[in-house]
Structure formats: structure tokens, C-alpha cells
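As C-alpha cells, the structure follows; a few thoughts come after it.
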Amino acid sequence: MQATGGGRLHLGNLEGALRPWVKLQDSGDYDIFCFIADWHVLTTIGETPTDIYTASRNVAIDYLAAGLDPEKTAIFKQSDVKEHAELHLLLSMITPIGWVERIPTYKEKRELVKDNQLQVSYGLMGYPVLMSADILLYRANAVPVGKDQAAHLEISREIARRFNRIVGEEVFPIPEPLISEVSGELKGLDSRKMSKSYGNAIYISDTEKQTQKAINSAFTTPTKLHITDPGVPEGCSVCSLRRVYDPEHYTTQWEECRGGLRGCGQSKKETAEIVNASLAPIRARRAEIVADISYVDRVLAEGADRARDAASDTMKVVRKALKLAAI
Ligand code: SF4
């Protein structure tokens with residue numbers, strides 16, 4: 001995850017990524033490398049540096065609070081493992097510009113940067129190659145992605161195939177997407193997808209009161225003015241939260257809404273209680289972690305050591321394959 005916007009992670013991040021990662025970790029079936037993409041933040045800063053260091057730490061705090069376990073998962077910052085930069089450089093030599101230019105997220109980012117009257121940097125254009133280096137550096141077999149993000153992995157797969165073909169050996173496995181079902185389904189408070197940049201998010205680090213207040217202000221069905229007016233749960237932000245946080249009972253609530261048997265006030269109150277109950281253990285863990293911030297720094301340092309070991313093994317193979325080192 002990128003350390004943008006102060007680094008605080010929201011419920012879309014939690015349900016779409018963090019909880020699925022924790023499941024993968026606890027399954028014991030994977031060696032997991034889980035990093036904080038701090039260099040990627042620089043691709044869109046223009047001329048206004050932000051405090052990426054603190055933001056990265058905040059991401060790490062939420063990773064740990066959500067249940068990522070540094071004993072099982074290497075948790076680290078991208079900028080602490082310089083091999084990411086070296087592999088990015090080498091992969092950039094074999095990646096056709098056309099591949100990068102046609103990526104929809106690059107086009108979106110480019111327009112966003114232009115809308116904000118900023119120059120499109122060389123680094124922004126290269127971000128899909130850096131992202132590919134982030135994955136291929138660990139010779140990853142699989143990358144967890146949201147349902148709407150599987151296409152993002154395609155360029156990394158293409159670059160891996162092209163590299164292997166050029167050097168004539170299988171240096172990189174072709175990474176498969178591990179698709180999480182929830183991502184993209186959690187609506188923000190204004191019924192668009194929950195996102196930091198839309199300002200419509202509820203954060204893991206919010207208090208119970210802030211969460212309650214946010215849900216009270218959420219978009220519901222604009223034509224539902226009285227309890228007896230039928231609502232449209234599919235378009236309602238509160239319903240979206242209810243579906244994710246109360247999967248066994250949400251259909252009853254939706255039917256009552258459609259039939260004009262319940263009001264938005266009742267839905268909001270119940271949903272805030274359910275969301276707060278689900279987040280309580282994570283928030284308690286978060287408070288403990290924040291009280292000992294040196295623990296976070298230790299986790300990041302040890303994670304970087306583990307990542308560096310794996311990364312330097314890959315780079316030895318890559319340098320030899322490109323005949324930069326003795327074979
Ligand atoms: S009653 Fe509940 S589900 Fe229906 S529109 Fe209102 S908040 Fe949404």
C-alpha cells in the first residue's frame with residue numbers, strides 16, 4: 001500500500017486487502033512479503049514534498065493492528081531495500097514505452113496530475129515498471145489483488161515474460177493474481193467507492209464516536225424521507241457497510257428497507273454498532289502499538305533485513321542473466 005494522505009488506512013483497505021492478507025498469512029501456505037510503497041508516493045508529489053516517513057509508519061501501525069504478524073510476514077518499507085531501484089532500472093531497459101502508456105491507471109494518474117497543474121514526471125510514467133520490480137524482486141508466484149485490480153498485474157506478467165525470453169531462462173515466475181472478493185464493494189460515505197482521495201472514508205484509527213458520526217452523515221436513499229418510504233439499499237452507503245460487516249443478516253435489513261419497514265436512523269445506529277464492534281480488537285491493538293512506537297521501527301528494520309536477503313539473491317541471478325556479472 002502507498003503511504004499517501006498521512007498513511008492512515010480506511011475500512012476499504014482493511015476489508016479489501018488487510019484482512020485477506022492476514023488470512024493468507026495465517027493459512028501457512030505462503031511466504032509473504034508485505035511492503036509500504038513510499039517511493040511510489042513521490043510519483044505524484046509535484047513540487048510539494050509531504051512527510052512520507054511518518055505516513056509510512058502509520059501504514060505499518062495499521063498493518064500490525066489488523067493482524068499482520070512480523071514473525072510470519074516480512075513487513076518493510078520499499079526505500080529500505082535499494083534492490084527495488086536497481087531492478088526497476090534494469091526492467092525499464094526492456095519495457096517498451098507503449099506498454100506503459102496504454103495502462104488505464106497511468107492515464108488516470110497522468111490526467112490527475114495535469115488537472116492539478118503539475119508536470120507529468122519521468123517517475124510517474126515509470127511507476128508500472130517500479131511496481132513490477134516490487135513484485136518480481138521476490139520472484140513472487142502470487143499477488144493478492146482486489147477484484148477490480150487484476151488487470152494492474154498484467155504489465156508485471158508481461159515484463160516477466162519478456163525478461164525471461166530475452167535472457168533465455170526462467171528468472172521470474174509469472175505472478176498469478178489472488179483475487180479478494182470484497183475490494184471495490186465497500187462504498188464510502190457518499191456512495192462512491194471508499195477512497196482517501198474522495199474524502200469519504202472511515203479510518204481504522206478513527207474513534208468509535210467519529211465512526212458513529214461518519215455513519216450518521218452517510219448517503220442513504222435521498223427519496224426515503226419517512227420510515228414507510230421504500231429505500232434502495234443497493235445505492236446506500238450504510239447498506240454497503242452492513243453487507244460487509246453483517247453478512248449473515250444484511251438481507252433482512254435490506255428487505256425491511258425496500259418494504260418501508262425501517263428508517264435510516266435505525267439502520268445507521270445498528271450499523272455503527274456493528275462496525276465499531278468489529279473494529280474494537282483492531283483499535284485496541286492499535287492503541288498498544290502506538291504506545292510503543294519503537295516496536296514499529298524494529299519491525300520495519302527486521303522486515304527490511306529479511307526482504308534484502310531475498311532481494312539480493314534475485315539480483316545476483318538477474319545480473320548474471322543480463323551478463324552484467326560473471327556467469
Ligand atoms: S433504511 Fe437503511 S438501508 Fe434503507 S436507505 Fe436507509 S440506511 Fe439505507
Side-chain angles (χ1 to χ4, degrees), residues 1 9-30 32 62-63 65-69 142 144-150 177-196 198 200-208 210-221 224 227 230-286:
M1 287 196 197
L9 302 182
H10 57 64
L11 302 194
N13 302 135
L14 175 66
E15 304 305 336
L18 288 176
R19 288 209 218 246
W21 295 353
V22 171
K23 266 195 201 156
L24 293 174
Q25 163 193 275
D26 293 343
S27 74
D29 294 337
Y30 299 91
I32 302 186
D62 283 346
Y63 278 2
L68 285 178
D69 177 352
V145 290
K147 213 159 54 176
D148 49 350
Q149 297 163 335
L178 283 177
I179 297 179
S180 138
E181 287 302 315
V182 178
S183 179
E185 288 175 20
L186 193 61
K187 290 185 197 297
L189 298 168
D190 57 1
S191 102
R192 292 184 292 174
K193 184 179 168 178
M194 191 175 283
S195 161
K196 250 179 228 173
Y198 294 152
N200 65 359
I202 298 172
Y203 291 91
I204 296 173
S205 51
D206 283 344
T207 62
E208 291 198 355
Q210 286 169 321
T211 305
Q212 170 84 62
K213 206 170 155 202
I215 293 176
N216 279 345
S217 71
F219 178 92
T220 57
T221 301
K224 187 168 171 55
I227 290 179
V232 185
E234 288 77 5
C236 166
S237 302
V238 180
C239 287
S240 161
L241 283 164
R242 187 76 176 241
R243 179 166 62 179
V244 171
Y245 284 91
D246 191 15
E248 280 162 21
H249 306 111
Y250 81 92
T251 46
T252 312
Q253 185 229 343
W254 283 30
E255 283 317 310
E256 288 174 2
C257 166
R258 282 195 196 96
L261 298 172
R262 69 157 50 230
C264 297
Q266 184 191 350
S267 287
K268 287 174 171 177
K269 184 171 176 294
E270 290 171 1
T271 304
E273 283 167 6
I274 291 166
V275 170
N276 277 331
S278 170
L279 294 179
I282 295 178
R283 286 173 170 161
R285 209 156 41 225
R286 199 177 185 286

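Because the structure is a prediction, the values reported are computed rather than measured.
Proximity of Arg283 to Thr207: side-chain heavy atoms (C-beta onward) are nowhere separated by under 4.5 Å. Counting heavy atoms from C-beta on, the side chains of Leu68 and Trp21 come closer than 4.5 Å. Inter-residue side-chain proximity for Pro233 and Cys257 is flagged as met; some heavy-atom pair is nearer than 4.5 Å. Proximity of Thr211 to Leu11: side-chain heavy atoms (C-beta onward) are nowhere separated by under 4.5 Å. Side-chain contact check for Ile282 versus Ile204: some heavy-atom pair is nearer than 4.5 Å. Looking only at side-chain heavy atoms (C-beta outward), Leu14 and Leu186 stay at 4.5 Å or farther from each other. Residues Leu18 and Met1 are in side-chain contact: their nearest non-hydrogen atoms beyond the backbone lie under 4.5 Å apart.
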Step-by-step side chain to side chain donor-acceptor pair (under 3.5 Å) determination, Tyr203 to Gln210: CA-CA 9 Å; Tyr203 291 91; Gln210 286 169 321; over 6 Å; no
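Residues Cys264 and Lys224 approach most closely at SG-CD, 4.0 Å, considering heavy atoms. In terms of heavy-atom proximity, Ser267 sits nearest to Gln253 at OG-NE2, 3.0 Å. When all heavy atoms of Val238 and Ala218 are compared, the closest pair comes out as CG2-CB, 3.9 Å. In this structure, Pro177 and Val145 approach most closely via the heavy-atom pair CB-CG2, 3.7 Å. Listed here is the closest heavy atom pair of Cys236 and Thr220: SG-CA, 3.7 Å. For the residue pair Arg262 and Arg242, the shortest heavy atom distance occurs at NH1-NH1, 4.4 Å.
Legend: residues meeting ring-ring contact (aromatic ring centres under 6.0 Å, His included) with Tyr250, ordered by chain and number and at least two apart, are Trp254. Judged as a side chain to side chain contact (heavy atoms under 4.5 Å, CB included), and not counting sequence neighbours, the contacts of Ile32 are Leu24, Gln25, Tyr30, Cys34, Thr73.
In this structure, Leu261 places its CG atom where more than 12 heavy-atom neighbours from other residues, nucleotides or ligands lie under 6.0 Å away.
With hydrogens and angles disregarded, a donor-acceptor distance shorter than 3.5 Å links the side chain of Ser237 to the backbone of Gly188. The backbone N or O of Phe219 lies less than 3.5 Å from no partner atom in the side chain of Asp190, so there is not a single donor-acceptor pair. With hydrogens and angles disregarded, no donor-acceptor distance shorter than 3.5 Å links the side chain of Asn276 to the backbone of Glu273. Between the side chain of Lys269 and the main chain of Ala272, no donor-acceptor pair closer than 3.5 Å is present.
Rounding to the nearest 0.5 angstrom, the gap separating the CG atom in Leu279 from the CD1 atom in Ile202 is 8.5 Å. Going from atom CZ of Arg285 over to atom CG of Asp62 covers 11.0 Å, rounded to the nearest 0.5 Å. Between Lys268 atom NZ and Ile215 atom CD1 the span is 10.0 Å, to the nearest 0.5 Å. With values rounded to the nearest 0.5 angstrom, Ile274 atom CD1 is found 9.0 Å from His249 atom NE2. Residue Leu189 holds its CG atom at 10.0 Å from OG of Ser240, rounded to the nearest 0.5 Å.
Note on Glu234 versus Arg258: salt bridge recorded, some NZ/NE/NH1/NH2 to OD/OE distance being below 4.0 Å.
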